[in-house]
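Right, one structure below, let's go through it.
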Number of protein chains: 2
Amino acid sequence: MTYFDAASSLPLHPVAREALLAAFEDGWADPARPHREGRRARLLLDAARETAAEAVGCRPDELTFTTSGTRALHTGIAGALAGRARVGRRLLVSAVEHSAVLHAAEVHRDAGGTVTEVGVDAGGRVGAGAVAEALGAGGEPAALVCVQSANHEVGTVQPVAEIAAECRAAGVPLLVDAAQSLGWSAVPGDWSLLAGSAHKWGGPSGVGLLVVRKGTRFAPPGPVDERESGRAPGFENIPAIVAAAASLRAVRATADAEAARLRGLVELVRARVPESVPDVAVVGDPVHRLPHVVTFSCLYVDGEALLHGLDRAGFAVSSGSSCTSSTLTPSHVLRAMGVLSEGNVRVSLPPGTEEADVARFLAVLPEVVAGVRGRLDAPPPPAAERTDAADGADGADGADAADGVTVDSLGRLCPIPVIELAKAIGRVPVGGVVTVLADDEAARLDIPAWCAMRGQEYLGEPTRHTYRVRRLA
Amino acid sequence: MTYFDAASSLPLHPVAREALLAAFEDGWADPARPHREGRRARLLLDAARETAAEAVGCRPDELTFTTSGTRALHTGIAGALAGRARVGRRLLVSAVEHSAVLHAAEVHRDAGGTVTEVGVDAGGRVGAGAVAEALGAGGEPAALVCVQSANHEVGTVQPVAEIAAECRAAGVPLLVDAAQSLGWSAVPGDWSLLAGSAHKWGGPSGVGLLVVRKGTRFAPPGPVDERESGRAPGFENIPAIVAAAASLRAVRATADAEAARLRGLVELVRARVPESVPDVAVVGDPVHRLPHVVTFSCLYVDGEALLHGLDRAGFAVSSGSSCTSSTLTPSHVLRAMGVLSEGNVRVSLPPGTEEADVARFLAVLPEVVAGVRGRLDAPPPPAAERTDAADGADGADGADAADGVTVDSLGRLCPIPVIELAKAIGRVPVGGVVTVLADDEAARLDIPAWCAMRGQEYLGEPTRHTYRVRRLA
């Protein structure tokens, strides 16, 4: 099995494993106790904090270990919002934040706060000045801005230093979700809060970190105790914390060289996939990106079927979007970018990935995609499709007029509505209109994306679940 | 070093260590992912849940793994209170609950809820009918009752099954904090919620468990996600969960035999300490108790100095009360019991403790206590003290009259006020009164406790920080 899902989780780094085993001997006691075992545990905890703080680029007393990256985000957001509740109750988040940020934002909204989403470009990047503009807009004063250092689904790196400067100028703290990037490098810029997650850099699960810079107003939510500066209640998980800090230091030592190497492999995927697989859109910013993540979407493909096909072929990848009954809505990240969501695949390479593994993946992919398309009775690629269209459509259902065709895909899941649209477009003359009835939410994203890919004109959704497309080519 | 602080934390059980190492190979991936690694992680998680549920005596789908016992309590209490917010906002807790419960109660009170404390007897036990009575009292309807299965400081076991019946009769859910007892046995009775902590039974830290019985109204607090039934957000710590479940099963397999053995050692401590150390009060219920915990308080002793002395002698113990500048208030548990708090020592034996270890502890203790008392210039034991008193006091300060003496201990920490009282009592005739001025909060507990131990009459605290004691003997 070749594991290309590093952005979800990584196996334990050998250094983390060693540190963990050692710390199970010396770090199991309560560090709050004055006896020898307690003092020994305390020393390990202090040393781990110093190591992690050095990697993050903060003071040790600004860094708190939490029980997960999610918890670090939840606590960081709630604490920063509470600390500035007198100033204002508006929270700004980028539209492509991790769901943990969005869940915290929902709680804030439910409690009467305001949430403003800052949009991104088609590459998933927050534009220069977008945060400053949102901060400058009227309405309630902002309490906090949340922007990730890099996106978990498409790998796009955000201009955090620039955004931090915009926030400082406006006097509003910036919280950076650094979960995806912290193993590669420190987050640049003058941010106020930062969250990270150890299992993303080869540390054990069960450890996150929350940094709150001195001078940042902060009031931790919920019940607290005397542990971790009152920001993370409950018995400290010292062995895991020790292992997390050790592996962060270890991966950072080789990060630059490994990043350059993986970046080459990712470029290979970015270049080869569109050559070898028809009707593919590579998504995410082409320049500002994580070294190890590449994401693409395949037209006329059910993402989950594709994942299963790749799994059978020996490759573990992930998808930012799942067009199946279990998850009917497309990924909010792809939606915010306005790109194709169907057949979405995220390849995230773990450190040490060999070129041969990537080559095998590239060799297998076209066949797997073709298999899924075959089972869905998807239309052939553009060149062949035009020939078919010239032959005249046969066996089509839903055709009701030569220059206007309606396709009824109500109750059908993505990618069926797009497949039906592709089949129907050849049945109207150039200038004719295809109307697609579809109630799968993904259609709202994928029909316009299909039009852009095919050079057809998307006329909009004049009534809910009714999409109109004019044939241009 | 001999470790007698099992109630704080235990080293990793060998079974847990093995399970953890195995799970690091197979359980590091995201169990929400459909690829092979994700499915393998999911299988391990499911199996661990079944094992833990069997040990607890609940259905697997009632059991959620949290990141600590503290987190299980915080989530359990907030979730149960929110689930019944429409019925009422009154929370009942026993007066000897763990600080995690009291912190959650504080948050509830700060949010406008009501908290009622149910008192305990001198042994630390909630009396039969006490909860029913508190539930029956007028005022706001109760939303939740919290009672621990066994006390963490003195080892007293609560009548949980009886309390659960009282709660069922009143239609109010009972949450049991089973942190101290779950490694020994399942919690009896028809409770509604239960919390536990793996590092108390030899599992790794970073794992707690929260059980919410079917039919219990529950609305988890704060941001949630799709993990752990929406009750514990963040990436599951599967290796640690697997290890926690494995060690729970392992310790349970030998729990009955080990409990009987440790109970014998604890009885030895309970019997021998008062024989070999003067002026000691063994605290906690003599019958209903954990097998491995015994707690005693030593008159005229600074608890922290005693802990350090025992640490130097090679024994790691703990204290429920710390009369030092870092923690000025005596333990809320000992206060609720109304027993002596000074010089408090908790001995909690880990599984496998040998009789020889306990014998060495018993041999060393008298000397260590005498050393601390010597440094504090404590009065000699009763027999000698009476002789001294007959000789007449000399070198005493603060004496102002033959039948009335005032001792000024303002600004002095416990146990100094009690030591000064003991010295002064011989300087008044029988029937005379000693007035002690003391602003250390522990004096409020320890001066009456001293009177009870010495057969003197405690006259109360007519004005704040002024205590009056009549000499009877």
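To find a chain, count down the sequence lines: A is the first, B the second, and so on, and within it residues start at 1. Note that this is a predicted model, so its numbers are computed, not measured.
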Heavy-atom pairs under 4.5 Å with chain A - which of B:Asn237, B:Val317, B:Leu12 has more of them than the others?
B:Asn237
Considering non-hydrogen atoms only, spot the tightest contact between A:Ser99 and A:His332 and give its length.
N-CE1, 4.5 Å
Taking atom types as modelled and ignoring hydrogens, do the side chains of A:Ser319 and A:Glu304 form a donor-acceptor contact shorter than 3.5 angstrom?
no
B:Arg312, B:Glu106, B:His199: which one forms the most heavy-atom pairs within less than 4.5 Å of chain A?
B:His199
Counting heavy-atom pairs under 4.5 angstrom with chain A, the leader among B:Ile77, B:Leu21, B:Leu102, B:Leu307 is B:Leu21
With a 4.5 angstrom heavy-atom cut-off, is it the side chain or the backbone of A:Ile238 that approaches chain B, or both, or neither?
backbone
Using non-hydrogen atoms and a 4.5 Å limit, figure out which bit of A:Ala104 sits close to chain B: side chain, backbone, both or neither.
both
Parallel, tilted or perpendicular: which one describes the rings of A:His103 and A:His74, with boundaries at 30° and 60°?
perpendicular
Identify the two heavy atoms, one from B:Ala245 and one from B:Ala48, that lie closest to each other, and give their separation to 0.1 Å.
CB-O, 3.5 Å
Top residue by heavy-atom pair count (under 4.5 Å) with chain A, among B:Leu310, B:Thr67, B:Thr66, B:Val207?
B:Thr67
Side-chain heavy-atom pair A:Leu73, A:Leu210 within 4.5 angstrom cut-off
no
When the 4.5 angstrom heavy-atom criterion is applied to A:Arg17 and chain B, the contacting part is side chain
Which pair of heavy atoms, one from B:Ala232 and one from B:Thr64, lies closest together, and at what distance?
CB-CG2, 3.9 Å
Contact class of A:Ser68 relative to chain B, heavy atoms under 4.5 angstrom
side chain
May I ask you to name which of A:Gly314, A:Ser197, A:Gly38, A:Ser8 has the most heavy-atom pairs under 4.5 Å with chain B?
A:Ser8
Contact part of A:Leu10 toward chain B, heavy-atom cut-off under 4.5 Å: side chain, backbone, both or neither?
backbone
Applying a strict 4.5 Å limit to non-hydrogen atoms, the region of B:Pro11 in contact with chain A is both
In B:Arg33, B:His35, B:Arg39, the residue satisfying side-chain hydrogen bond (donor to acceptor under 3.5 Å, both in side chains) with A:Asp311 is B:Arg39
Shortest non-hydrogen pair, B:Ala243 vs B:Ala16, comes out as CB-O, 3.3 Å
Chain B heavy atoms under 4.5 Å from A:His308: which part of the residue, side chain, backbone, both or neither?
side chain
Which residue is it: B:Arg231, B:Arg49, B:Arg227? I am looking for the one with a salt bridge (Lys or Arg N to Asp or Glu O under 4.0 Å) to B:Glu236.
B:Arg227
Check each atom of A:Asp110 against the heavy atoms of chain B and say whether the ones under 4.5 Å are side chain, backbone, both or neither.
neither
Specify whether A:Phe361 and A:Phe315 have parallel, tilted or perpendicular ring planes, treating 30° as the upper limit for parallel and 60° as the lower limit for perpendicular.
perpendicular
Quick one: what part of A:Glu37 sits under 4.5 Å from any heavy atom of chain B, side chain, backbone, both or neither?
side chain
Return the OG to NZ distance between A:Ser247 and A:Lys200, rounded to the nearest 0.5 Å.
14.0 Å
Heavy-atom distances under 4.5 Å only: say whether A:Glu25 touches chain B with side chain, backbone, both or neither.
side chain
Examine whether an atom of A:Pro34 lies under 4.5 Å from a heavy atom of chain B, and if so say whether it belongs to the side chain, the backbone or both; otherwise answer neither.
both
Centroid-centroid distance, B:Tyr3 to A:Trp28, less than 6.0 Å:
yes
Using heavy-atom distances under 4.5 Å, tell me whether A:Arg36 contacts chain B through its side chain, its backbone, both, or neither.
both
Side chain / backbone / both / neither for A:Val224 at chain B, heavy atoms under 4.5 Å
backbone
Tell me which of these, A:Ala29, A:Ala240, A:Ser318, has more heavy-atom pairs under 4.5 Å with chain B than the rest.
A:Ser318
